[in-house]
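Below is one structure; the comments refer to it alone.
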Amino acid sequence: MKSTILALILIATAILGVAAQQAPAPAPAAAAPTRSPAGADISWAFAATNGALPAEPPTTVNSVPGSTKTYLRSQIDDLNNPPDWFPNEHPAPPSIVIKGHDGALACGACHLMSGLGHPESSDLAGLPAEYFRRTMMDFKSGVRLEVNRMNTISKVMSDEEIKQAAEWFAALKPAKFTQVKEVTTVPKTFVGGGRMRYAAPEGGTEPLGKRIITLPEDQSRVTKRDPHSGFIAYVPVGSIKKGEALVTKGGNGKTIACAICHGDTLKGLGNVPGLAGRHPSYMARQLYMFKDGRRNGGDAQLMKKPVAQLTDDDILNIVAYLASLDPAK
C-alpha cells in the first residue's frame with residue numbers, strides 16, 4: 001500500500017511539473033520604441049529607464065518651499081498614498097485620488113495633487129469629465145494601450161471611482177507647468193525611476209538634434225512630487241514657429257487646424273481636451289500611437305486622418321508649439 005501511494009505521489013508530481021513547464025508565461029510589458037517607422041530617434045518621447053538617482057534613506061524627512069507639511073522619503077515613494085503638500089489649493093479629493101487600493105495606484109501619485117502631472121503622465125487639470133471617463137473605459141477594454149500603468153489601474157477602478165476622479169480633476173484649473181526653450185545643445189541626461197529624465201550626475205552637454213528633452217526645473221523638488229516645481233522642455237531652434245504653422249493652418253493640407261476640434265485657444269472645446277501647455281513628450285506619444293494603432297477607441301478615430309501624413313519632424317514641431325502655450329491665459 002505504501003509503495004502504491006508513493007508511486008501515485010511521484011506520478012502526480014511529474015504531471016504537475018510538466019504542466020508547470022507548459023503553462024504560458026505572463027506576457028512582458030511592451031518595450032518602449034526607440035525608432036519611428038521612418039527611422040527617426042523617438043526615444044525622447046518613449047523614455048525607458050536606463051539609470052537611477054542615488055537612493056535617499058526611507059526615514060529622511062522632506063519638505064518643500066511654501067508648505068508647512070513634511071513627509072518621509074518612504075511616504076513620498078508610496079504610490080498608494082501620495083504627499084499632498086498644499087491641501088488648501090484644491091477641493092477635498094475623493095479617496096481614489098489620495099489613496100490607492102489593490103492594483104489601482106492613487107491618481108495623485110503620478111498626476112500630482114494639482115493634476116498637472118509629470119512628463120511620463122497626462123496633465124489632468126481641467127480635463128473634461130466625460131472625456132476622462134471615456135478614456136478610462138478605453139484603457140479598461142484595452143483599445144487604448146498604456147501597459148506601464150493605466151491598463152492595469154483602470155481594470156481595478158470601479159465606475160464610481162472613475163466618475164469621482166473625473167469630476168474632481170475637471171474642477172482643477174490648468175496652469176503653465178513647462179517652460180519651452182529653443183536650443184542647440186542640452187545637458188546630458190538619463191531616465192530614472194518612474195520614466196523621469198534627469199541631468200546626468202557627471203555633467204556635460206550634447207547636441208539636441210531632432211529631439212525634445214524635458215528636465216525638471218529643480219530635481220530635488222520634483223522627486224518629492226512638489227506640484228509647484230515644473231519643467232523645462234528644450235526644443236530645436238525654429239521648431240515652435242514651424243509647429244505654429246501646422247497647428248493653426250494645417251500645413252497646406254497635410255493635416256487640419258487643431259482649433260477646429262480643440263477650440264480657438266486650444267484649451268478644449270466641449271468634451272474635446274485642451275492641448276495648450278501640455279507636456280510635449282506626452283503629446284508626441286499620443287500622436288505616434290494614433291498613427292500606429294496603439295491608441296484606439298471612439299475618440300481616437302477622429303485623430304486617425306489628421307495624423308496620417310505627419311512626419312517625425314511635424315510631430316516634434318507641433319508638440320513644441322503646443323507646449324509653449326499658456327493654458328491659464
Side-chain angles (χ1 to χ4, degrees), residues 62 64 66-72 74-144 146-175 177 194-196 222-230 267-268 270-274 277-279 282 286 297-299 327-328:
N62 286 272
V64 301
S67 175
T68 59
K69 306 190 77 171
T70 59
Y71 291 95
L72 300 178
S74 59
Q75 293 175 300
I76 294 172
D77 291 341
D78 183 356
L79 300 184
N80 281 321
N81 298 278
D84 191 0
W85 293 107
F86 303 98
N88 294 330
E89 294 184 357
H90 57 71
S95 179
I96 190 60
V97 170
I98 200 70
K99 189 172 182 59
H101 63 83
D102 304 314
L105 305 178
C107 306
C110 296
H111 300 282
L112 305 182
M113 296 306 295
S114 62
L116 298 176
H118 287 163
E120 78 281 1
S121 62
S122 175
D123 175 352
L124 301 181
L127 195 69
E130 176 57 20
Y131 179 83
F132 184 115
R133 188 196 66 79
R134 292 199 303 263
T135 296
M136 293 298 289
M137 293 302 106
D138 287 345
F139 282 134
K140 270 182 181 283
S141 69
V143 296
R144 179 174 175 179
E146 204 293 303
V147 295
N148 291 291
R149 291 270 193 257
M150 292 309 303
N151 291 126
T152 298
I153 291 172
S154 61
K155 287 180 171 64
V156 178
M157 287 178 66
S158 69
D159 291 349
E160 181 60 24
E161 286 176 324
I162 290 172
K163 177 178 179 292
Q164 291 176 2
E167 293 174 350
W168 189 79
F169 281 111
L172 301 182
K173 292 183 178 180
F177 207 44
R195 294 169 291 154
M196 177 84 73
V222 163
T223 55
K224 298 172 185 176
R225 307 186 190 280
D226 180 355
H228 287 182
S229 189
K267 298 177 187 176
N271 287 326
V272 179
R278 291 189 176 277
H279 296 293
Y282 175 83
Q286 306 316 304
D299 292 319

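Atoms considered below: every heavy atom in the structure, side chains included; atoms not considered: hydrogens, waters and symmetry mates.
Heavy-atom neighbours of Lys99 NZ from other residues, nucleotides or ligands within 6.0 Å: at or below the threshold of 12.
For the pair Asp123 (side chain) and Ala125 (backbone), a donor-acceptor distance under 3.5 Å is present. Proximity of a side-chain donor or acceptor of His90 to a complementary backbone N or O of Ser114 within less than 3.5 Å is not detected. Remark: the backbone N or O of Ala104 is not paired with any side-chain donor or acceptor of Asp102 at under 3.5 angstrom. Distance alone, capped at 3.5 Å, is enough to place a donor-acceptor pair between the Trp85 side chain and the Lys224 backbone. Using a distance-only test at 3.5 Å, with no hydrogens or angles considered, a donor-acceptor pair links the side chain of Asn151 to the main chain of Glu146. Lys140 places a side-chain N or O within donor-acceptor distance of the main-chain N or O of Met157, the cut-off being under 3.5 Å.
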side-chain contact (heavy atoms from CB on, under 4.5 Å) evaluation trace for Met136 with Asp159: CA-CA 9 Å; Met136 293 298 289; Asp159 291 349; over 6 Å; no

Stepwise side-chain contact (heavy atoms from CB on, under 4.5 Å) check, Met196 with Thr223: CA-CA 9 Å; Met196 177 84 73; Thr223 55; over 6 Å; no

Arg278 and Gln286: CA distance, side-chain angles, deciding distance, side-chain contact (heavy atoms from CB on, under 4.5 Å) verdict: CA-CA 12 Å; Arg278 291 189 176 277; Gln286 306 316 304; over 6 Å; no

Derivation and outcome, side-chain contact (heavy atoms from CB on, under 4.5 Å), residues Tyr71 and Asp84: CA-CA 9 Å; Tyr71 291 95; Asp84 191 0; 4.1 Å; yes

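Annotation: side chain of Pro94 is not in contact with side chain of Glu161 (no heavy-atom distance under 4.5 Å). Met150 has its side chain out of reach of Thr135: every pair of non-hydrogen atoms, C-beta onward, lies at least 4.5 Å apart.
Between the CG atom in Leu124 and the CG atom in Leu172 there is a gap of 8.5 Å [rounded to 0.5 Å]. The CG atom of Leu112 sits 7.5 Å away from atom CZ of Arg225, with the distance rounded to the nearest 0.5 Å. From Ser95, atom OG reaches atom CD of Gln164 across 8.0 Å, with rounding to the nearest 0.5 Å. Considering CD1 of Ile153 and NZ of Lys155, their distance stands at 11.5 Å, rounded to 0.5 Å. One finds the CG atom of Leu105 at 5.5 Å from the CG atom of Asn80 (value rounded to the nearest 0.5 Å). Rounding to the nearest 0.5 Å gives a distance of 7.5 Å between CG of Asn81 and CD1 of Ile98.
Take Asp138 and apply the side-chain contact (heavy atoms from CB on, under 4.5 Å) test, not counting sequence neighbours, and it matches Val143, Arg144.
Between Phe169 and Phe132, the ring planes lie parallel to each other; the angle is under 30°, not in the 30° to 60° tilted range. Ring geometry for Phe177 against His279 counts as perpendicular: the plane angle is over 60°, on a 0 to 90° scale with 30° as the lower cut.
Among all heavy-atom pairs drawn from Ala175 and Pro327, the shortest one is O-CG, 3.5 Å. Contact detail for Pro128 and Gly270: the closest heavy-atom pair is CG-O, 3.6 Å. Across Leu79 and Ala109, no two heavy atoms sit closer than the pair O-CB, 3.6 Å. Contact detail for Lys69 and Pro87: the closest heavy-atom pair is CD-CD, 4.0 Å. Minimum heavy-atom separation, Ala165 to Ile96: CB-CG2, 4.0 Å. Pairing each heavy atom of Asn148 with each of Arg195, the nearest pair is ND2-NH1, 3.3 Å.
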